[in-house]
S.K.: 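Below you'll find the structure I mean.
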Number of protein chains: 2
Amino acid sequence: MQAVARRLGLTTMALYRHVADKADLLDGLVELLLTQFPLPPPDLPWQERLAQLAHGVRDAAARHPGVFPLLLQRPAETEPARRVRDTAQAALGDAGLDPEAAARAERLLSTAVLGFAASEAAGRFAHHDHAVRDADFACLMRSLRLLLEVTAADRDTGS
Amino acid sequence: MQAVARRLGLTTMALYRHVADKADLLDGLVELLLTQFPLPPPDLPWQERLAQLAHGVRDAAARHPGVFPLLLQRPAETEPARRVRDTAQAALGDAGLDPEAAARAERLLSTAVLGFAASEAAGRFAHHDHAVRDADFACLMRSLRLLLEVTAADRDTGS
DNA sequence: ACCTGAACACCGTTCAAGT
DNA sequence: ACCTGAACACCGTTCAAGT
């Protein structure tokens with residue numbers, strides 16, 4: 001709070017005009033974070049859209065490692081959070097999942113991607129090169145795509 | 001610090017005899033957390049071992065929601081952390097992955113499971129029933145097993 | 001409407017001093 | 001060796017008071 005106020009050239013107490021408390025300020029920060037990467041246009045293939053979303057999330061984590069871990073901590077029911085989630089769910093729907101399955105897949109996929117990005121931001125993989133982490137991320141992306149394609153194929157053949 | 005000291009019936013300053021600082025105390029807590037679930041015996045099938053590990057992690061998160069999120073934040077190079085990781089890597093080796101691939105798969109799988117458990121502990125899925133979260137977790141487990149089996153099959157047929 | 005001063009109840013940490 | 005008292009530099013937050 002004091003650091004933020006100093007940066008704005010105000011006293012600490014002036015902040016409480018614009019923000020209810022510290023948690024409210026942090027909520028505002030994660031909301032801002034979710035607008036820091038582009039949402040893929042809906043006419044791209046669904047694989048492409050999910051990949052762009054995941055890369056955007058990872059980039060945002062790299063640019064804002066301090067705030068990012070908060071994303072995994074709160075329900076994120078703000079407008080920008082909803083926009084990101086709807087984009088992912090739409091892509092999963094186009095992958096052939098029914099709405100309920102798409103919602104579940106979105107929760108699981110976002111957890112995997114957010115978890116990876118948060119781990120990286122917090123330095124959990126700090127003893128690995130950036131090249132290793134890039135390969136890890138690529139492997140994660142490949143695995144998730146494979147999984148969705150296998151699931152879709154199972155559905156198509158009715159097995 | 002003060003709360004811990006009060007619970008021990010000591011003054012706050014007495015803690016600094018046994019612990020370097022607050023971060024050190026928290027490191028000790030996550031170390032303890034990693035001993036709170038059983039490591040599966042190595043004679044079980046690898047699918048079984050990974051499943052037991054994942055369930056153990058989720059239970060630990062449910063029992064200690066306050067400390068758990070810290071697991072995703074630090075490198076975890078302590079002895080208990082290594083034991084858990086080695087158990088997972090051994091199972092992945094038995095699934096047919098070479099050592100490098102097993103290490104990578106361990107990083108990705110642990111991130112997915114830890115991310116899910118941390119999300120649950122922190123209340124990110126608080127607006128969903130426990131039944132929904134159980135189904136989510138079951139879906140995650142099924143997906144990860146499927147993924148490993150597909151990968152193993154690909155390797156066996158040399159494609 | 002927006003900002004400030006003064007104050008409150010808390011933090012983690014250090015260090016000289018005690019037994 | 002282990003613990004304590006006193007002190008320091010910090011937190012977030014409130015509220016009456018200023019413009």
Side-chain angles (χ1 to χ4, degrees), chain A residues 1-36 60-81 114 117-127, chain B residues 1-36 60-81 114 117-127:
Chain A
M1 289 291 127
Q2 354 243 353
V4 171
R6 197 162 34 239
R7 202 99 98 113
L8 294 171
L10 296 174
T11 58
T12 310
M13 302 76 78
L15 299 179
Y16 288 86
R17 277 281 128 197
H18 308 91
V19 112
D21 53 16
K22 192 186 175 181
D24 188 31
L25 189 151
L26 291 176
D27 282 341
L29 277 184
V30 322
E31 197 175 328
L32 242 170
L33 187 70
L34 287 167
T35 67
Q36 295 296 304
R63 266 198 313 267
H64 306 285
V67 229
F68 193 86
L70 296 175
L71 254 181
L72 267 179
Q73 315 261 13
R74 37 203 83 215
E77 278 306 329
T78 70
E79 183 48 35
L114 256 42
S119 294
E120 228 182 343
R124 186 162 80 99
F125 302 142
H127 40 86
Chain B
M1 288 293 127
Q2 354 242 353
V4 170
R6 196 162 35 239
R7 200 100 98 112
L8 293 169
L10 297 174
T11 58
T12 310
M13 302 77 76
L15 299 180
Y16 288 87
R17 277 281 128 196
H18 308 91
V19 112
D21 53 16
K22 191 185 175 182
D24 188 31
L25 189 151
L26 292 176
D27 282 340
L29 277 184
V30 322
E31 196 175 329
L32 243 170
L33 187 71
L34 287 167
T35 67
Q36 296 295 303
R63 266 198 314 267
H64 307 285
V67 228
F68 193 86
L70 296 176
L71 255 180
L72 268 178
Q73 313 261 14
R74 37 202 85 215
E77 277 307 327
T78 71
E79 182 46 36
L114 257 42
S119 294
E120 228 182 342
R124 187 162 80 100
F125 302 140
H127 41 87

S.K.: To check you understand the geometry: which heavy-atom pair defines the closest contact between Arg74(A) and Ala23(A), and what is its length?
M.R.: NH1-O, 3.8 Å

S.K.: Counting N and O atoms only, with roles assigned by atom type, does the side chain of Arg63(B) sit under 3.5 Å from a partner on the main chain of Gln36(B), one being a donor and the other an acceptor?
M.R.: yes

S.K.: Assuming nearest nucleotide by heavy-atom distance, tell me which of Met13(B) and Arg6(A) is located more 5' along DNA chain D.
M.R.: Met13(B)

S.K.: Would you kindly give the CG-to-C1' distance between Asp21(B) and dG12(C), to the nearest whole Å?
M.R.: 9 Å

S.K.: Short question: side chain of Arg7(A), backbone of Gln2(A) - any donor-acceptor pair under 3.5 Å?
M.R.: no

S.K.: Touch check for Met1(B), heavy atoms < 4.0 angstrom, all strands: base, sugar-phosphate only, or nothing?
M.R.: sugar-phosphate

S.K.: With both distances under 3.5 angstrom, what nucleotide forms a Watson-Crick or G-U wobble pair with dC3(C)?
M.R.: none

S.K.: How close or far is atom C1' of dC11(C) from atom CG of Leu25(B), stated in whole angstroms?
M.R.: 15 Å

S.K.: Tell me whether the OP1 or OP2 atom of dC3(C) has a side-chain N or O from His18(A) closer than 4.0 Å.
M.R.: yes

S.K.: Quick one: does Leu25(A)'s side chain get under 4.5 Å of Met1(A)'s, heavy atoms only?
M.R.: yes

S.K.: Rounded to whole Å, how long is the line connecting atom OH of Tyr16(A) with atom C1' of dG5(C)?
M.R.: 15 Å

S.K.: Whole-Å distance between dC15(D) P and Leu15(A) CG?
M.R.: 17 Å

S.K.: Can you tell me if Gln2(B) touches the phosphate of dG12(C), counting only side-chain N or O atoms and a distance under 4.0 Å to OP1 or OP2?
M.R.: yes

S.K.: Report the base-pairing partner of dG12(C) (Watson-Crick or G-U wobble, both distances below 3.5 angstrom), or none.
M.R.: dC8(D)

S.K.: Rounding to a whole Å, what distance do you find between Leu10(B):CG and dG5(D):C1'?
M.R.: 15 Å

S.K.: Want to settle it: does Arg17(B) or Thr12(B) sit nearer the 5' end of DNA chain C, counting the closest nucleotide to each?
M.R.: Thr12(B)

